[in-house]
Amino acid sequence: MKVFRRLSRTQMVVGGMFLGLVLLSVALAAVETGTRRPAANPTVVVRRAQALPHDPWAEEWQRVSGVVLPLTVVSTVNPVEGNVQVKALRDDRSIAIRLEWSDNTQELNTLRPQDFADAAAVELATQPTGACMGMLDAPVHIWHWRADRGPGAREMATAYPNMHVDGWHDDTGQVQEVFGDDLYARPALVVGNRRALPDKGGLAENMIAEGFGTLTTAAEQPTSVEAVWKDGRWAAVFTRSLDGDPQFEAGSQLQAAFAVWDGKQMQRDGMKYITDWAVLELKP
């Protein structure tokens, strides 16, 4: 025989409060990790164009409607409020995603240890996942641009205009005359350190992540980027083939998030400004 005990009013109130706190915690966790379904988020419509403008300030972009997304700061002292405007176009072969954000200075040279570069990134996912580096079996694909990877951004004379040296490496091969062997002159380059590789102006770094600590450079690097600073604003256009990983198909929807780094605030790595998930919708 089952015996049922009537709950007191106090027990029912406490139980209801506990259940409410559990539900609230689950909802907050979903927002924090960015696992909300994309249908609830803003939509960036990718419309078809006859040709894709690679110049970020081309007049064609002014005729494209976009979405303005608020930026949230991560691990930065004295942050500033801001947003990023996102526009996108595609033709029969490629997709172009344009970001524009405010920055009253441009940080290009990072040869000194106290200097950090301006940067931006596009994050894409084909299924609900964490905006902070994805999840196991639900990866994110990241296109990352840094302002210090363009031609001339690593000029030693720019960082130290009053220095005097007997010789250092430049693209003319001067190091061979002074040291004779790259192994001694540029060991980081010899062992394949990516930061020591020659400038790759015009290319974004493609990366993949499945959670914190898993960020890895992709085997293929198919994404090009052109970024121009003008009148206190950066604009960058990322361009990639529709084929690849992830695949861009007409009528499809992908999750997309965006990030920018402000070098003068010493932002780097996880110190940055980020958006929540948006929807990237490719019109037929």
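Nothing fancy with the numbering, it's 1 onward along the sequence.
- Shown here for Trp234 and Val228, the closest heavy-atom pair between the two residues is CE3-C, 3.5 Å.
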If you apply the rule side-chain contact (heavy atoms from CB on, under 4.5 Å), what do you find for Met266 with Val77, and how did you get there?
CA-CA 9 Å; Met266 303 180 71; Val77 179; over 6 Å; no
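- Asn83 is listed as a side-chain neighbour of Val68, based on a closest heavy-atom distance under 4.5 Å.
- Minimum heavy-atom separation, Ala58 to Pro53: CB-CB, 4.0 Å.
- With contacts defined as side-chain heavy-atom distances shorter than 4.5 Å, the pair Met135/Glu210 does not qualify.
- Under 3.5 Å, the side chains of Asn206 and Thr223 contain a donor-acceptor pair of N or O atoms.
- Counting only heavy atoms from C-beta outward, the side chains of Arg240 and Trp143 approach each other to under 4.5 Å.
- In the hydrophobic clustering of this structure, Ile274 does not group with Val279; members are Ile, Leu, Val, Met, Phe, Trp, Tyr whose side-chain heavy atoms approach within less than 4.5 Å, directly or through other members.
- Arg98 places none of its side-chain heavy atoms less than 4.5 Å from the side chain of Phe238.
- In this structure, Leu89 belongs to a hydrophobic cluster whose other members, linked by side-chain heavy atoms under 4.5 Å apart, are Leu52, Trp61, Val64, Val237.
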Where do Glu123 and His141 land on the side-chain contact (heavy atoms from CB on, under 4.5 Å) test, with the steps shown first?
CA-CA 6 Å; Glu123 181 182 63; His141 300 263; over 6 Å; no
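- Expressed to the nearest 0.5 Å, how far CD of Glu205 lies from CG of Leu215 amounts to 7.5 Å.
- If you take CD1 on Ile97 and CG on Leu124, they are separated by 5.5 Å, rounding to the nearest 0.5 Å.
- Follow the hydrophobic side-chain contacts under 4.5 Å out from Val84 and you never reach Val74; the two are in separate clusters.
- Within a 6.0 Å radius of CD in Gln62, more than 12 heavy atoms belonging to other residues, nucleotides or ligands are found.
- Contact check for Glu107 versus Trp229: no side-chain heavy atoms found under the 4.5 Å cut-off.
- The nearest pair of heavy atoms linking Ala125 to Pro139 is CB-O, 4.0 Å.
- Side-chain N or O atoms of Ser252 include none that pairs as donor or acceptor with a backbone N or O of Ala250 at under 3.5 Å.
- Of all heavy-atom pairs between Ala117 and Arg146, the closest is CB-NH2, 4.2 Å.
- No hydrogens or angles considered: nothing links the side chains of Gln255 and Thr129 as a donor-acceptor pair under 3.5 Å.
- Counting only N and O atoms by type, the side chains of Gln267 and Thr76 include a donor and acceptor under 3.5 Å apart.
- With contacts defined as side-chain heavy-atom distances shorter than 4.5 Å, the pair Leu282/Glu249 does not qualify.
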Decide side-chain contact (heavy atoms from CB on, under 4.5 Å) for Phe116 and Lys264; before the verdict, give the C-alpha distance in whole Å, the side-chain angles of both, and the deciding distance to 0.1 Å.
CA-CA 7 Å; Phe116 300 90; Lys264 68 177 174 294; over 6 Å; no
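- Between the OG atom of Ser241 and the CD atom of Gln247 there is a distance of 8.0 Å, given to the nearest 0.5 Å.
- Distance check: Leu99 CG to Thr275 OG1 gives 9.0 Å after rounding to the nearest 0.5 Å.
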Pair Trp261, Trp145 - check ring-ring contact (aromatic ring centres under 6.0 Å, His included), show working.
CA-CA 10 Å; Trp261 287 258; Trp145 163 81; 9.6 Å; no
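- Taking each heavy atom of Asp91 and Ala49 in turn, the nearest pair found is CB-O, 3.4 Å.
- The hydrophobic cluster containing Val140 does not contain Ile208, counting ILVMFWY residues as joined when their side-chain heavy atoms lie under 4.5 angstrom apart, directly or transitively.
- Here the shortest heavy-atom pairing between Ala119 and Trp101 reads O-CZ2, 4.0 Å.
- Between the side chains of Glu81 and Tyr273, no donor-acceptor pair is found at a separation under 3.5 Å.
- A chain of hydrophobic side-chain contacts below 4.5 Å, direct or via other Ile, Leu, Val, Met, Phe, Trp or Tyr residues, connects Val260 to Val80.
- Going from atom NZ of Lys272 over to atom CG of Asp262 covers 14.5 Å, rounded to the nearest 0.5 Å.
- Going from atom OG1 of Thr126 over to atom CG of Leu254 covers 6.5 Å, rounded to the nearest 0.5 Å.
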Tell me, with the steps shown, if Arg233 and Glu100 meet side-chain contact (heavy atoms from CB on, under 4.5 Å).
CA-CA 7 Å; Arg233 297 186 68 82; Glu100 181 183 339; 2.7 Å; yes
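- Residues Asp118 and Gln106 are in side-chain contact: their nearest non-hydrogen atoms beyond the backbone lie under 4.5 Å apart.
- The shortest side-chain heavy-atom distance between Phe248 and Asp243 does not fall under the 4.5 Å cut-off.
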